[in-house]
Every structure is written in C-alpha cells, then in structure tokens.
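Proteins come first, then strands; the chains are lettered A, B, ... in the order of their sequence lines, and each starts at number 1.
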Protein chains: 2
Amino acid sequence: MPDTPPPPPTPRRSDATRTAILDAARERFAADGYERATIRAIAKDANIDPSMVMRYYGNKEGLFAAAVAVDLKLPDLGTVPRSDVGRALVAHFLDMWEDNEVLTALLRVGVTNQAGAERMQGIFRDQLLPVAQQVCPDPEQVPTRAALCATQVLGLALTRYVLRFPPATALVRQEIVAWLAPTIQRYLTAPSP
Amino acid sequence: MPDTPPPPPTPRRSDATRTAILDAARERFAADGYERATIRAIAKDANIDPSMVMRYYGNKEGLFAAAVAVDLKLPDLGTVPRSDVGRALVAHFLDMWEDNEVLTALLRVGVTNQAGAERMQGIFRDQLLPVAQQVCPDPEQVPTRAALCATQVLGLALTRYVLRFPPATALVRQEIVAWLAPTIQRYLTAPSP
DNA sequence: TACCGTTGCCAACAAGCGTTGACCAACACC
DNA sequence: GGTGTTGGTCAACGCTTGTTGGCAACGGTA
C-alpha cells in the first residue's frame with residue numbers, strides 16, 4: 001500500500017479514505033487515461049466527495065503522482081546466469097504486468113500527458129538502466145541496449161494490455177517468454193551489429 | 001491528399017478549407033491525443049470557425065476518421081529475398097514514421113480512445129497480416145508472428161516518437177535497422193521456439 | 001462540559017468543451 | 001438581374017471539468 005511521501009508517524013483516521021481514493025484513481029487512470037479519468041468519477045468510486053480528493057492531494061496532478069508509484073522490483077542480474085538474463089527479464093515483466101494496473105495506468109497516461117512521459121523516463125533511468133549495467137559488456141552502450149529492451153517490453157504491453165490486438169492477447173505466458181527472451185538477450189549481451 | 005469518402009467529381013470551392021482542417025487536425029491529434037485536441041484549437045490552426053469543422057465532418061469522431069487515414073504502403077515481400085524481409089520491413093516502417101504525423105496521431109489516439117484502438121486493429125488485420133502471410137511458413141502461425149512484429153515496431157514508435165526516451169531518440173536510422181531487423185526476421189521466419 | 005482540529009458534504013464558481021442555428025457574403029445559373 | 005446554392009462568421013446552448021469556500025458532525029483533550 002503506497003502512501004503520501006512522508007508516512008505519518010501516527011495513523012490518521014482518514015487513512016482508509018485516502019487509500020480508497022488512491023485505489024479508485026489507479027483503476028480509473030489505467031482504464032481511461034489521464035484526461036478522461038475525472039476527479040468526480042474517482043470520488044464516486046471511492047464513495048466520497050470530490051472535494052476530499054482536492055484536500056488530500058491538492059489537485060489532479062498531485063493525485064496522479066500519489067497514485068502511480070512504480071517499483072519494477074527488477075531482479076539482481078548479478079545472480080542470474082548470463083545466458084538466462086533475457087528469459088529472466090521477460091518473465092519478470094510479465095509477472096509485474098499481469099496483476100498490476102499501475103503499469104497500465106502509467107503507460108496510458110504517459111502517452112497523453114507530459115508529466116506521465118517524464119515519469120516513465122525516470123523509471124527507465126533509475127530502475128532499468130542500473131540493471132542493464134550489470135549485464136552489458138561496454139558501459140557506453142548501456143543506454144542504447146536498455147532502450148532497445150524498453151521498446152520490446154513496452155511494445156508488448158501496448159499491444160497486449162492497451163490496444164488489445166487479438167493475437168497478442170491470445171498468447172500465453174510461456175509463448176511470450178519463448179519468443180521475446182532471445183530478443184532481450186540479444187539486445188543486452190550480443191555484440192553490437 | 002485524403003478527402004471525404006466519395007471523392008466529388010467536381011472540385012469544390014471549399015476544398016482548400018477542408019484540407020486545411022484535416023492538416024491541422026492531424027497535427028493536433030498527433031501532438032495532443034484525442035481528448036486534448038479540441039475542435040476549437042484545430043479550427044484556430046486552420047484559420048476558420050469551429051462550426052465549419054462540424055459542417056464538413058459532422059462531429060469530432062468524424063473529423064478523426066477523416067483525418068487519420070493510414071496506408072502503410074507495405075512492400076510486396078514476394079519480391080524480396082527471404083533473408084532480407086526483416087531488414088526491408090524495419091527500413092520501411094522507419095521511412096513511414098519519420099515524416100508521417102498521421103501514424104503518431106493514430107498511436108496517441110489508439111491508447112486513450114476505443115475507436116482509435118479499433119482502427120489500429122483494423123490496420124493490423126488488413127495491412128500487416130496479408131504481408132506476413134507471404135513470408136510465414138505455417139499459415140496457422142501468421143497472426144501470432146505478425147503480432148510479435150507489431151509489438152516490436154509499435155514499441156519502437158512509442159519509445160522514440162511518443163515517450164521520447166533519450167537513448168531511443170538518439171538512435172540513427174542505420175542502428176535501428178541493424179538492431180531490429182534480426183528480431184523481425186526471426187519473428188517472421190524462424191522456426192517457432 | 002467546553003474546546004479545537006479533523007473529516008466530510010454541499011453548493012457554487014469560472015472556464016472550457018462539443019455542438020447548434022441564425023445570419024451574411026460571394027458565387028453560379030437561368 | 002434576380003435566385004438558389006455554397007462558404008463562412010457570430011453568438012449562444014447545455015454540459016462537464018477542476019477547483020473553492022462555507023458549514024455541519026465527529027472525536028479526543030482539558
């Protein structure tokens with residue numbers, strides 16, 4: 001359960017309401033994107049008045065910032081056999097995405113909202129780049145190789161969870177891992193073409 | 001220059017205005033997505049009154065439908081050496097995307113708008129699937145393999161043209177082709193894993 | 001009991017949206 | 001030269017949005 005940045009030492013009586021708002025916000029942002037996820041709809045989902053959202057989170061951008069806190073929980077690739085990093089990463093991303101509407105929310109918002117796009121850039125920089133650094137041979141190529149991985153992973157998420165291309169939603173977990181793992185493996189470890 | 005579905009035999013005096021509207025609409029949809037691209041802003045860009053947009057295109061959805069007409073102009077892969085289809089497709093998509101804001105508009109809108117997503121599904125079905133059919137060994141695997149290609153190509157477009165991850169925008173055409181061509185080649189022609 | 005901060009609802013605001021209809025100017029045709 | 005069609009503007013409509021301030025109920029503390 002994420003909360004506002006400074007976790008209050010004493011639990012407030014309104015904590016239940018606060019998390020209800022965040023849960024509803026995540027759901028709406030994931031389903032509708034930033035513009036169409038209205039504060040009124042979120043408040044109705046949380047069974048409170050829209051003005052409460054403003055009081056607790058300032059404005060709509062503050063609500064989004066509080067609702068969408070992403071930790072990819074990327075594994076330590078130092079402990080994974082070098083030939084398995086592709087498979088490990090693809091499997092991990094699938095696990096994360098399948099039961100995590102925050103990621104879909106962030107993807108939807110990132111496409112139509114500048115703040116959302118910058119948030120995604122930050123996640124890429126702070127979470128994916130360091131992991132890629134553990135595996136890539138040439139440090140100078142780390143950003144390029146990590147970005148290539150991002151194109152494939154985000155492309156899968158886009159096609160499967162947002163655009164819902166029928167053949168992409170029909171794939172089962174094992175197929176995805178089998179097809180994508182060699183791609184990620186090559187982007188990370190193969191000699192540059 | 002696209003036009004309303006039945007191309008009028010006699011050119012109308014208002015054709016200049018109509019295409020000005022469509023050009024402005026494409027630009028706004030590409031830059032802002034569906035919700036934030038307002039009819040008022042599009043009309044102002046085209047130097048006409050918002051009501052003209054309504055008269056010529058009915059409503060906002062009609063305007064979007066008229067403005068975003070996508071022809072991927074995919075090459076006939078029958079004439080391409082089988083080992084070069086990956087390279088040919090990646091190069092072609094890059095050519096299309098670099099100077100074509102329609103594709104960015106469609107991608108942005110497809111993420112937040114149901115009609116946009118269905119439009120993209122239609123393009124995938126009507127334009128990419130037939131081409132994949134020319135190359136894939138097993139007809140039953142065509143949708144899967146084409147969808148895999150879509151994940152990689154759309155993922156690149158998303159990361160490079162919409163989210164603008166710095167390392168993805170820094171890539172030059174040759175690098176992208178060199179990295180992505182083997183991926184597409186494998187998704188289309190390699191034995192299924 | 002009296003007090004005061006917290007929690008919550010209600011009503012309203014200003015702005016922006018898509019959309020409509022009345023109205024004027026320019027052109028084409030008989 | 002009148003007349004109907006077309007191209008275009010203006011002002012307004014009904015509605016939704018994010019956001020604000022006032023006011024009532026609650027709960028712990030003194």
Side-chain angles (χ1 to χ4, degrees), chain A residues 3-4 6-25 28-29 31-68 105 108-109 112-116, chain B residues 1 3-4 6-25 28-29 31-68 108-109 112-116:
Chain A
D3 213 325
T4 45
T10 63
R12 285 160 300 195
R13 206 160 22 104
S14 61
D15 278 350
T17 303
R18 291 178 128 94
T19 65
I21 292 176
L22 289 188
D23 287 344
R28 285 283 178 179
F29 282 134
D32 298 337
Y34 190 81
E35 331 285 337
R36 291 199 349 222
T38 69
I39 289 189
R40 286 172 150 90
I42 292 169
K44 177 176 272 187
D45 288 356
N47 286 315
I48 47 95
D49 190 88
S51 62
M52 301 300 296
V53 178
M54 308 300 297
R55 182 177 300 178
Y56 290 147
Y57 299 103
N59 55 26
K60 191 176 179 179
E61 279 204 26
L63 172 63
F64 174 73
V68 178
R108 272 220 157 88
V109 173
T112 45
N113 186 268
Q114 184 60 25
Chain B
M1 301 293 159
D3 212 326
T4 46
T10 63
R12 285 162 299 195
R13 204 158 24 102
S14 60
D15 279 351
T17 303
R18 293 176 126 92
T19 65
I21 293 175
L22 289 188
D23 286 344
R28 284 283 177 177
F29 281 133
D32 297 338
Y34 190 81
E35 331 286 336
R36 293 202 343 225
T38 69
I39 289 188
R40 287 172 149 92
I42 292 168
K44 178 175 272 187
D45 288 354
N47 285 316
I48 46 95
D49 190 88
S51 63
M52 302 299 296
V53 179
M54 307 301 297
R55 184 180 299 182
Y56 290 147
Y57 299 103
N59 54 29
K60 192 176 179 180
E61 280 205 26
L63 171 64
F64 174 72
V68 179
R108 271 220 158 87
V109 173
T112 46
N113 186 268
Q114 185 57 26

* For A:Glu35, does its backbone N or O pair with a side-chain atom of B:Arg36 as donor and acceptor, under 3.5 Å? ->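 Side chain of B:Arg36 to backbone of A:Glu35, a donor-acceptor pair under 3.5 Å: no, none is there.
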Starting from [atom2] on [N], measure out to [atom1] on [X] and report it in whole angstrom.
{"X": "A:Met52", "N": "D:dG21", "atom1": "CE", "atom2": "P", "answer": "16 Å"}
{"X": "A:Glu35", "N": "C:dG16", "atom1": "CD", "atom2": "P", "answer": "15 Å"}
{"X": "A:Arg13", "N": "D:dA25", "atom1": "CZ", "atom2": "P", "answer": "15 Å"}
{"X": "A:Lys60", "N": "D:dT20", "atom1": "NZ", "atom2": "P", "answer": "15 Å"}
{"X": "A:Ile21", "N": "C:dT7", "atom1": "CD1", "atom2": "P", "answer": "11 Å"}
{"X": "A:Met54", "N": "D:dT20", "atom1": "CE", "atom2": "C1'", "answer": "8 Å"}
{"X": "A:Ile42", "N": "D:dG18", "atom1": "CD1", "atom2": "C1'", "answer": "12 Å"}
{"X": "B:Phe64", "N": "C:dG18", "atom1": "CZ", "atom2": "P", "answer": "14 Å"}

* Does any donor-acceptor pair link the side chain of B:Arg55 with the base of D:dG7 at a separation under 3.5 Å? ->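 It does, because a donor-acceptor pair links the side chain of B:Arg55 to the base of D:dG7 below 3.5 Å.
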* Can a donor-acceptor pair under 3.5 Å be found between the side-chain atoms of B:Arg40 and the base atoms of C:dG18? ->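 Between C:dG18 and B:Arg40, which were checked side chain against base, a qualifying N/O pair under 3.5 Å is present.
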For residues 47-55 of chain A, dump all side-chain donor-acceptor pairs below 3.5 Å to protein atoms at least two apart in sequence or in another chain.
residue: A:Asp49; atom: OD2; partner: A:Ser51; partner atom: N; Å: 2.9
residue: A:Asp49; atom: OD2; partner: A:Ser51; partner atom: OG; Å: 2.7

* Using a cut-off of strictly less than 4.0 Å, decide whether A:Thr38 has a side-chain nitrogen or oxygen near OP1 or OP2 of D:dT16. =>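 No, outside the criterion.
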* Using a cut-off of strictly less than 4.0 Å, decide whether A:Ser51 has a side-chain nitrogen or oxygen near OP1 or OP2 of D:dT20. => no
Looking only at side-chain atoms of [X], point me to the closest of [options].
{"X": "B:Thr17", "options": "C:dT7, C:dC10, D:dG8", "result": "D:dG8"}
{"X": "B:Asn59", "options": "C:dC10, C:dT7, C:dT19", "result": "C:dT19"}
{"X": "A:Ile48", "options": "D:dG18, C:dC9, C:dT19", "result": "C:dC9"}

* To do: Give, for atom CD of A:Glu61 and atom OH of A:Tyr34, the distance between the pair rounded to the nearest 0.5 Å.
  => 4.5 Å
* To do: With the side chain counted from C-beta on, respond yes when A:Leu63 and A:Ile42 share a heavy-atom pair under 4.5 Å apart, and no when they do not.
  =>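 A side-chain contact exists here, since the closest heavy-atom pair is under 4.5 Å.
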* For A:Arg28, all residues meeting salt bridge (charged side-chain N to carboxylate O under 4.0 Å, His left out), sequence neighbours excluded ->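 Residues passing salt bridge (charged side-chain N to carboxylate O under 4.0 Å, His left out) with A:Arg28: A:Asp32, A:Asp45.
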* Start at the 5' end of DNA chain D and walk down; is the nucleotide closest to B:Ser14 or to A:Arg36 reached first? ->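 Mapping each residue to its closest nucleotide by heavy atoms, the 5'-most match is B:Ser14.
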